[in-house]
Amino acid sequence: MLEIAIIVAAIAIGSGIALVAGGLVGIGEGYAAGKAVEAMARQPEMEGPIRTTMILGQAVSESGAIYSLAVVLLLIFNVMLPLVNRLLELL
Amino acid sequence: MEPEVVFYIHTFPVTQPLLFTWIIMAAVSIACFFLTRNLKTVPRGAQHLLELLVDGIENLVVGNMGPEGKKFVPLILTIAVYVGISNLIGVVPGAYSPTENLNTTLTLAAIVFLVGHVAAIRKKGLWTWLKGFFQPYFFMFPINLAGEISQVISHAFRLYGNVFGGGILLSIIYMVAPYVLPTPLLGWFGIFSGIIQTAVFTLLAVVYIQIKIS
């Protein structure tokens, strides 16, 4: 029972650490948006292409956060919840 | 994460995403049938909206791929309409977004992947297409292969993760504060994020096909 509790705690801590990637991606995307605004202010007639390129770059750089989210969802729903249910049965 | 089974058709389980996929298919088909009756050269009413949509997607595709991309316009338009309605239907109480299920988004990403590679083979020929995997050096083959596969996975997981993550956050907010607070969040995650993710998914589909055929 203690072993299961330790595994559950480790999964919870690991999920929290994995979601740090979301924050880092947030910094990167904000930087990209800021640069895009600067470019638009300099050349307002290029607004359309700049916005398309910005969204494309942000979408690609978001992959890191999406991978971490997928890992966390897998950990929580496929590994942690069955263990928690078993722990509750043992209690 | 298993979807709920709504009812059975002779031992065949009909799950929530499948049911809502059928509903969206029926709604889009009926809307297309009735909105394209007696089209006029000078558009009136709903025809304005349709022409705006078709023109927008056509400009996006042709602007990215050039004139040869015209044959991909129906596919991209279908993906855009389907994903858009799937994302927006999550706002309706009791409805379930098909894009909240990984199977839907993986299927859409796989369709884009296959269409891109088949178009590349037809345009460049089998030999040139195969040689593309060994660029710039022959030992780069595993990396190129992993890049192709991870492209599908990231394309599918981006839409799924955004919609599903928004749904989880909303259900937590519903548990903590069931009144007032969920409404603006529903607008943000359901409508704004849904439209942005539709645009991103469509744009990435266009760019992935364009990278493969060029």
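So you know, we letter chains A, B, ... as the sequences are listed, proteins then strands, and number each from 1.
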Problem - Proximity breakdown for B:L102 and chain A, heavy-atom pairs closer than 4.5 Å - result: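 It is neither, since no heavy atom gets under 4.5 Å.
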Given side chain to side chain contact (heavy atoms under 4.5 Å, CB included), test B:Y160 with A:L73 step by step and report yes or no.
CA-CA 11 Å; B:Y160 161 75; A:L73 289 178; 4.2 Å; yes
Rounded to the nearest 0.5 Å, the CG atom of B:L159 sits from the CD1 atom of A:I66 at a distance of 9.5 Å
*Atom pair CG (A:L69) and CG (B:N162), whose distance is rounded to the nearest 0.5 Å*: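 It is 8.0 Å, given to the nearest 0.5 Å.
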Smallest heavy-atom separation, A:A70 atom then B:F157 atom, equals CB-CE2, 3.3 Å
If you count heavy atoms of other groups shown closer than 6.0 angstrom to OH of B:Y179, is the number above 12?
no
